[in-house]
Each structure stands twice: as structure tokens, then as C-alpha cells.
Amino acid sequence: MRGLHLHDGVLSFRTDLPRPEAQPGWSRIRVTRAGVCATDLALCRGYMGFEGTPGHEFVGVALDGPHRGRRVVGEINAACGRCASCAAGLDRHCPHRSVLGILGHGGAFAEEVSLPDRNLLVVPDAISDDAATFAEPLAAALQIGEQVQLGSRRRAVVAGDGRLGLLCAHALHHAGCAVTVAGRHPERARCLPDAVVHRTGLLEADGTDPTPQFDLAVEATGRGATLGRLLPWMEPRATIVLKTTTEAPLTVDLSLAVINELSIVGSRCGRFGPALDLLATGRVPVERWVEARYPLDAAAQALTRAAQPGTLKVLVDVS
Ligand SMILES: [Zn+2]
Ligand SMILES: [Zn+2]
């Protein structure tokens, strides 16, 4: 089949990739559309040592299995279903898992993918194909609410006004938090609900001493060093949620985390059901965030485009 292939850090478009094989309990999906994510760009730089077809944000049509013929999205962690982690409901932490387009599992910049049947969710008609490609990152944003007690009490700051930062801001706003986004792109204020404050320069080092004023922070800049900038803004017993994986080790003075008894929470993937529910309301205007789209045979250019600073969202039209 046709698709992108990453080998030794070089992306190439190929027409001879093997189609996923049928296997019990798994479905094959014909990919309709796929989104480019910062993780895809990191994989191309060698993150995870991934070889194969990247791409994990997709919508497609199930070719077999219980949802055959229906439009589906798929949770990306394919767990073994047999180990202690899986038995405890921590299938996204199964040590034997593969991860679509990230770890030992061919991804969505190709004509077909396969996933366990239980990973698939039928996409409601109210959600367009473009919007459905946001189910995965929106689920990751909503995962914050699974890990941290949210409520109107929370004065939250989201560091980063890239795509994940915007999604996190929407998720926190939806959960009742008072949200400030600390970003670099003034025009991104338009991507946020009116009640969300957008500020540029908040986390830049300008010599002024921050006044602690947030009891929740989400680090979604893609730059791990932002953690150190967030610390002085946090009130005692506040929580900082880390959404950024760093490709290189990080040096940060954590004294304030000790002095103020801060909680630091790592946060990764979430369930797709709540993400589809929120997308179906139309309250997260993700379709307007799409800045470019490329056909599958130009998917490598889609990744190049997505790597340009300030690019919000790039899609690949697969079929
Ligand atoms: Zn992603
Ligand atoms: Zn398992």
C-alpha cells in the first residue's frame, strides 16, 4: 500500500508497504485523514528510535470487525490485555503495548492501519473528518481532569499556545477553571473561549518577580525548560501538569517545588469518549485551526510544513 516510511531519520513515500494483516480481535481501518503532531516531528529527529510509518491522529472507515463500514477513530495504545497493568485497567501503561505510529506499530500516514477492536470508537455524524483528527490530542488534554481534581476553585495557567496548549485551555475552561494562557502568538487569542485570558510574555524572563497566583499549571510548550519559569507563579500546594516530553535531559532548580510543596504530575494519553462528546458540541473550534492539507504522496511535505514555527495544524488527506 501507499504510505510514509521513516528509516534512519529519513522520511520517504513508498508504494510497497505491507497492508496490516487480519488478526482476531483487531480491526483494519482505511484511513481518511490524519493529523501531523509534534511527536511525529520528534520521531523524525530520532525520538523513541522509531522506524516505520508515523502518524497517530486519524479518522477512517473500519474495513472489518464490529464497526465494519463505520467511521471510526482509535485510541493509540494497543495493550496486551493479559498482564497485571491491563487487569488493573491501566492498559495505556501496559508494558507490552505498542503505540500507533510511535512504538512498534505502523501509523496513519498510510492507506490502512490496524488496532484492537476495543480501541475503536464510532464518530458521531456531528463531527467532521477534520475535527475527528483532533480526538487524540483533545483526549490527552481532557486527561488532566482524570488526574487532577478540577473545579471552579482552580486558577489555571496553560503554558503554550500551540495546538496542545489551546486544547488544554479549552479542556480546563470546560471543567470550570479560570484559565490564563501564557503564549507567544497574540492572534491565538481568537482560538480560545472569551473567558480565557491570553497573555504573551508572561513566562519570558524580563527581570520582574512573578507574584504567585495560580494553583494549577499545565506545561504544553514543547520546551521542558518552561517548568522552571512556571515555578515562581505557583501558590503553595499547587499542581503542575507536564504535557511535554523532552528529547534531551533538563536542568531545573526544583527548590520552589519543595518549599511550596508543589505537586508535579506527568500526563499523557486520555480516553477518546469524552473528547468525541466535547467535539460534538462544536465548542472547540478545531476546524478553523487547520492551516494546510496535503495528499498522502506529499505527506513528507506536510511534516515539513508542520515544523515551521507558528504552524497550528496540518492534515494529510489519505483517501
Ligand atoms: Zn500526537
Ligand atoms: Zn498488558
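Here, residue 1 is the first one in the sequence, and each next residue gets the next number. As the structure lists them, so they are numbered: ligands from 1, and atoms in each ligand from 1.
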Could you please compute the angle at the Zn ion (ligand 2) from SG of Cys80 to SG of Cys94, rounded to 10°?
->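 Value returned, to the nearest 10°, is 100°.
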Opening angle between SG in Cys86 and SG in Cys83, taken at the Zn ion (ligand 2), to 10 degrees |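 That angle is 110°.
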Considering only NZ, NE, NH1 and NH2 on the basic side and carboxylate oxygens on the acidic side, decide whether Asp91 and Arg271 come within less than 4.0 Å.
->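 Arg271 and Asp91: salt-bridged.
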Shortest non-hydrogen contact between Glu57 and Val36, atoms and distance |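 Scanning both residues completely, I find the closest heavy atoms to be OE1-O, 4.2 Å.
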Determine, stepwise, if the pair Asp130 / Arg33 fulfils salt bridge (Lys or Arg N to Asp or Glu O under 4.0 Å).
-> CA-CA 7 Å; Asp130 281 7; Arg33 201 149 296 159; 2.7 Å; yes
Checking only N/O/S atoms, does His96 have one that is under 2.8 Å from the Zn ion (ligand 2)?
->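 Under 2.8 Å: His96 has no N, O or S contact with the Zn ion (ligand 2).
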Please determine, by modelled atom types, if Thr221 and Glu219 share a side-chain donor-acceptor pair under 3.5 angstrom.
->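 Yes, because at least one side-chain N or O of Thr221 sits under 3.5 Å from a partner of the opposite role on Glu219.
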